[in-house]
Amino acid sequence: MRILVTGGTGYIGSHTCVQLLEQGDEVVIVDNLSNSKESVVSAIEKITGKRPVFYRADILDREALDTIFYTHKIDAVIHFAGLKAVGESVAKPLEYYHNNITGTLTLLDVMREHGCFKIVFSSSATVYGTPASVPIREDFPTGGTTNPYGTTKLYLERILSDLYVSDKRWSVVLLRYFNPIGAHESCLIGDNPNGIPNNLMPYVTRVAKGTLPKLCIYGNDYPTHDGTGVRDFIHVEDLAAGHIAVVNKMADSGVKVYNLGTGVGYSVLDLVQAFERSTGIKIPYEITDRRPGDIAECWSDPAKAERELGWRAKHTLEEMCRSAWNFEKAN
Ligand code: NAD
Ligand code: UDP
């Protein structure tokens, strides 16, 4: 298949491009490099021996998308492109709604014009808001998002579902990611946020490296086994493999929703201890106030993806920690 990967030089997109190329798909990337670097294209080539076609372009740029679809007969789109910083989205809601929603509307319109009706969308566990219980199944209610970033995911899920209602040629897969961490074993691609990381794992690896003095753990009074927040950390390689399973089994029509998680919840302290065990490096930390908008626990029931796609996450928490650390050291 020839697959257009929007946001393909980003963290999850780059790992997915590698696996697509490895299984023989043709990959066309469109990315505006707002949160990634063009050197990722060469890194993908180094890993796979194949160079994906790359367009530095914005998904808001209809003309650019039109040229891409005109030049390449695209069979399906995996749509990663979007802004993803929760805190920034609170400060810049217009920018987030415009980039993520208008960008996706533009992409969908151009897809329709060119007769491409297959799309896999990067959604997030954030669409479940505060779940009534864990593990979270796909049929749990969505809504109650606490920031504009999460709300863009919620609205886009709705928009993509409405599209199918209007025209049965659409085949839509909504993938709700839990917490991806880790990197490709080559250490050539991985999560390399600019500035001070917002997410836990890149923060931990930078403390381990000595770039940051200590980790702040946001609250130890949650109703969890040790009081710290519990999440479903998933190796980015497993997450990428989930996309491969989806693409290989994609129906000609319909809307499908899958959780991509491990089904196991680990606390922030569990992760810190696993990191220390697997790397031998002590992580100094301090308990601070809860971070506004955080929920106590969030982990998936991934049974549907296993049942329908034959996909299941394989890596252990220790492997994820080692992988994240190896990437940090190498970069
Ligand atoms: P990322 O920032 O590394 O990758 C996103 C890519 O999209 C970047 O390379 C960026 O330059 C590009 N981009 C952004 N806006 C664009 C635009 N208008 N036109 C073209 N390119 C644009 O993020 P990621 O972690 O790889 O996430 C990929 C997707 O998965 C995002 O949609 C994100 O919201 C979603 N997601 C991520 C996580 C996570 O924890 N990383 C969790 C749930 C969902
Ligand atoms: N967290 C933390 N310190 C940090 C970053 C995150 O204690 O510097 C906690 C956060 O409160 C949450 C968990 O780690 O309980 C995962 O947060 P992250 O931002 O990585 O992902 P989220 O689940 O919020 O998408």
Side-chain angles (χ1 to χ4, degrees), residues 5-17 29-38 40 55-61 64-65 78-87 89 95-96 98-104 106-107 120-127 146-147 149-150 152-153 156 175-181 189-194 196-204 206-207 212 214-220 222 224 228-234 236 239-240 243 260-261 265-272 285-299:
V5 183
T6 74
T9 45
Y11 174 44
I12 307 169
S14 57
H15 289 81
T16 304
C17 287
I29 295 175
V30 57
D31 199 302
N32 66 1
L33 303 181
S34 59
N35 198 36
S36 56
K37 297 197 172 68
E38 190 164 353
V40 170
Y55 289 90
R56 180 179 187 167
D58 201 297
I59 55 164
L60 285 154
D61 182 345
L65 288 184
I78 309 183
H79 179 31
F80 294 102
L83 297 174
K84 64 162 184 177
V86 171
S89 79
E95 285 79 357
Y96 269 67
H98 184 58
N99 189 77
N100 292 4
I101 296 191
T102 317
T104 304
T106 309
L107 171 70
V120 179
F121 174 62
S122 297
S123 188
S124 165
T126 194
V127 299
T146 52
N147 54 74
Y149 164 71
T152 67
K153 295 297 180 194
L156 284 168
L175 296 179
R176 295 177 180 157
Y177 308 156
F178 283 69
N179 290 57
I181 57 174
I189 51 173
D191 193 12
N192 201 1
N194 291 329
I196 295 176
N198 294 305
N199 294 116
L200 180 61
M201 185 52 106
Y203 206 105
V204 168
R206 287 184 191 184
V207 172
L212 292 166
K214 61 171 187 259
L215 172 70
C216 294
I217 295 184
Y218 302 137
N220 66 350
Y222 285 107
T224 61
T228 65
V230 169
R231 296 290 183 275
D232 186 338
F233 300 101
I234 176 169
V236 67
L239 192 64
H243 293 73
L260 293 184
Y266 288 108
S267 73
V268 175
L269 276 175
D270 290 336
L271 182 137
V272 168
Y285 68 81
E286 175 191 359
I287 307 290
T288 61
D289 287 345
R290 290 180 179 194
R291 183 171 66 177
D294 273 355
I295 58 175
E297 36 183 10
C298 174
W299 78 86

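As the structure lists them, so they are numbered: ligands from 1, and atoms in each ligand from 1. The basis for the numbers below is simple: all heavy atoms, side chains too, and nothing from hydrogens, waters or symmetry mates. Note that the numbering runs from 1 along the sequence shown for the chain.
By heavy-atom distance, the residue among Ser36, Gly82, Ser123 lying nearest atom 5 (C) of ligand 1 is Gly82. Across Tyr11, Tyr149, Tyr55, Phe80, heavy-atom proximity to atom 36 (N) of ligand 1 is greatest for Tyr149. When the heavy-atom distances from atom 13 (C) of ligand 2 to Val268, Asn220, Asp232 are ranked, the shortest goes to Val268. In this structure, of Leu83, Thr9, Asn32, Asn199, the residue bringing a heavy atom nearest to atom 17 (C) of ligand 1 is Asn32. The heavy atom nearest to atom 24 (O) of ligand 2, out of those in Arg290, Lys214, Arg291, is found in Arg291.
Closest to atom 4 (O) of ligand 1, if we only count protein heavy atoms, is Gly10 CA, 3.4 Å. The protein non-hydrogen atom at the shortest distance from atom 11 (O) of ligand 2 is Asp294 OD2, 2.6 Å.
With a heavy-atom cut-off of 4.0 Å, Ala57 touches ligand 1 through its backbone alone. Contacts of Leu33 with ligand 1, taken as heavy-atom pairs under 4.0 Å, involve the backbone alone. Here Ile59 has heavy atoms under 4.0 Å from ligand 1 in both its backbone and its side chain.
Considering backbone and side-chain N/O of Asn99, one or more are found under 3.5 Å from N/O of ligand 1. On a distance-only criterion, Tyr218 and ligand 2 share at least one N/O pair closer than 3.5 Å. Close N/O approach between Leu200 and ligand 2 is found [any backbone or side-chain N/O within under 3.5 Å]. Residue contacts with ligand 1: Phe178 is placed with no nitrogen or oxygen under 3.5 Å of a nitrogen or oxygen of the ligand (distance criterion only). Where the criterion is an N or O separation shorter than 3.5 Å, residue side chain and backbone included, Cys216 meets it with respect to ligand 2.
Other residues, nucleotides and ligands contribute at most 12 non-hydrogen atoms within 6.0 Å of the OH atom of Tyr285.
Not a single heavy atom of Gly103 lies less than 4.0 angstrom from ligand 1.
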